[in-house]
> 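The structure's right below; bear with me while I get my questions together.
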Amino acid sequence: MAGEDLEDYTIIKEGEAEILMNVKNQVFYNKTQVNNRDLSIAVLRTFVSKRKEEHEAKLSKRTKSADKASGKDAPEPAVEEESNGSALDNEKSNVECEAHKEISQVEPCSISEEPMKSAEGNHRGELKPPKVLEALSASGLRSLRYACEVEGIGKVVALDNDKASVEACQKNIKFNGSVAISKVESHLADARVYMLTHPKEFDMVDLDPYGSPSVFLDSAVQSVVDGGMLMCTATDMAVLCGGNGEVCYSKYGSYPLRGKYCHEMALRILLASIESHANRYKRYIVPILSVQMNFYVRVFVRVYTSASAMKNTPLKLSYVYQCIGCDSYHLQPIGRTVSKDSSVRYLPGFGPAVPQECSDCGKKYNMGGPIWSAPIHDQEWVTSILKSVKSMKDRYPAYDRISAVLTTISEELPDVPLFLSLHNLCATLKCTSPSAVIFRSAVINAGYRISGTHVNPLGLKSDAPMDVIWDIMRCWVKNHPVKAQAPDLPGSVILAKEPVLQANFARAVASLSKAQAKKVARFLPNPERHWGPKLRAGRQITTKHISLLGPEAVNEHLNHENSEEPKAKRSKTDDISDATSSS
């Protein structure tokens, strides 16, 4: 810090890390992303423990197979060694990873573990501490928190393509002491080139760009070890939510629709894009957790290599048909399988899923996608993450927010893509809205499942088909009549039909989730005003940024600049007078 004015810096503490932040907006920092960083730390802690459990289970399985082989071939020690070797070579790191023979011979699925020390007779493989890459580090706060707060973490590599950011990150590493210095290293590099030149090297890769991550995905899926974790954020929500559909298609390969479910569709578009990039290298993804928070979406996926498992990708993707008149939507899977004896054939999906005109209101459909239609969370992981967060609540600055989000996610129906909005259904029919409990009860009494969604407090996920949903609403309107409307309106067309199903609105036992029954807060207000995206680093702060930063922050910055101007003018005047006197 020699030769620099300390007044230009403020110390920001988050979790167990502290950073020096320049007040001139030279390096990007957003306080709002504390939710993102806390959630990432929670997932990383669970990943470290699960990784260890998987490794121990693998070693146990290898030991059993080795013992079994040695028991069979006890008289012939040479054969015993050979069988032990083959048992080690043929093992796979992931139960789901039905790897090709070519792949398993060239490279075993688990890149992240130490080779077996057979020369010394030690058949216990040592698990290296996980190696982490933060591809776009800015101030380095996230990397420092990983290093200081996650037990058992190995080296953390922080990259940035901006010289000022790398210098700031290096200062912050020194500022945080010996643990940070020993674990975190900062490099000035293009993240895409760095990841391409370090294939299958990192157990966890974190992508958190300012805007779209699309240009980083191809190299990111190659730099993760087999069974490793890729964390990815996208903040270009206007694009992903249908504001610029053609731009979304060019970046992610999917066309978005502007329904009430657009934020969940954004998550599923991002997952489909990551899967597409992974498939090019005989890899596929398994989503662990997918979250929409504040002004961005964030996904956590594990990456595996398997040419045979990769064939299942078309089964996980679907196109979406959204009626332009009512809220009906339908999914069209891209592929299907046919099993005969022990063989499985992969075939195109049956279609069309819908007629030319909506069977409910008679209007046309918009088509979007393809999106990821398989589960976007692993409920076992979500439960483990939530349990871990609750046991360490004092170590999470944003505990209330992330625990609320995880609680809501833990109660979502995992196998139901997208959701309905009860208020939208009522707006279409122009009727008063039933309470969520009454509507949930009617769906449950009809024999279907229903849950909330973390994306929208008014959203409802259900496996009930749309004709059942509209029958329930027709029965509701019979008990709560509406004014006569024009006959060609979608709502009038829907209500003109008699319900096939007679809805039962008696309160069902499961109409409230466990969290709702216990009155656990699930959707929290923002902790302060202007809690959202911030100005890109390097841009000059002016009065037009009040909506982003707030009047106090803008005025403070402008006052700081104004106080510096007289000093600069005075120094110039002194230089001129000195030059005149010397001449």
> As a quick check of understanding, evaluate side-chain hydrogen bond (donor to acceptor under 3.5 Å, both in side chains) for Y255 and N366, giving each step before the final call.
CA-CA 10 Å; Y255 211 96; N366 281 334; over 6 Å; no
> Go through the steps to decide whether Y252 and S276 satisfy the test side-chain hydrogen bond (donor to acceptor under 3.5 Å, both in side chains), and finish with yes or no.
CA-CA 9 Å; Y252 298 99; S276 172; over 6 Å; no
> Measure the spacing between OG1 of T235 and CE of M237 and express it to the nearest 0.5 Å.
9.0 Å
> When rounded to the nearest 0.5 angstrom, what is the spacing between CD in Q502 and CZ in R474?
11.0 Å
> Can R45 and S388 be counted as having a side-chain donor-acceptor contact under 3.5 angstrom?
no
> Working note: N445 + R507, criterion side-chain hydrogen bond (donor to acceptor under 3.5 Å, both in side chains); need CA distance, chi angles, decisive distance, verdict.
CA-CA 9 Å; N445 292 334; R507 179 157 179 173; over 6 Å; no
> Are a donor atom and an acceptor atom from the side chains of S359 and D467 found within less than 3.5 Å of each other?
no
> Rounded to the nearest 0.5 Å, what separates atom CG in D471 from atom CE in M466?
10.5 Å
> Regarding Y281 and Q222, do their side chains bring together a donor and an acceptor under 3.5 Å, going by distance alone?
yes
> Are K363 and D488 close enough for a salt bridge, meaning some N to O gap below 4.0 Å?
no
> Is E275 paired with R268 through a side-chain N to carboxylate O contact shorter than 4.0 Å?
no
> If we count only N and O atoms by modelled type, under 3.5 Å, do the side chains of S451 and E411 hold a donor and an acceptor together?
no
> If we check salt bridge (Lys or Arg N to Asp or Glu O under 4.0 Å) with D203, which of these qualifies: R51, K52, R302?
R51
> So that I can tick it off, tell me whether K260 and D327 are bridged by a salt bridge, with the cut-off set at under 4.0 angstrom between side-chain N and carboxylate O.
no
> Could you check whether R142 and N36, counting side-chain N and O atoms only, form a donor-acceptor pair closer than 3.5 Å?
yes
> Is the shortest side-chain N to carboxylate O distance from R283 to D226 below 4.0 Å?
yes
> Would you kindly say whether Y296 and D236 are connected by a side-chain donor-acceptor distance under 3.5 Å?
no
> Going by atom types only, do S328 and W470 share a side-chain donor-acceptor pair under 3.5 Å?
yes
> State which residue, out of R145, R298, E134, fulfils the side chain to side chain donor-acceptor pair (under 3.5 Å) condition with S40.
R298
> Looking at E264 and K461, is any side-chain nitrogen of the basic one under 4.0 Å from a carboxylate oxygen of the acidic one?
yes
> Answer yes if the side chains of E412 and H454 hold a donor-acceptor pair under 3.5 Å, and no otherwise.
yes
> Any side-chain to backbone donor/acceptor pair from W372 onto P417? Under 3.5 Å, distance only.
no
> Is a side-chain N or O of T383 found less than 3.5 angstrom from the main chain of Q379, in a donor-acceptor match?
yes
> Do the side-chain N and O atoms of Y396 and E149 include a donor-acceptor pair separated by under 3.5 angstrom?
no
> Is the distance between the ring centroids of H480 and W476 under 6.0 Å?
yes
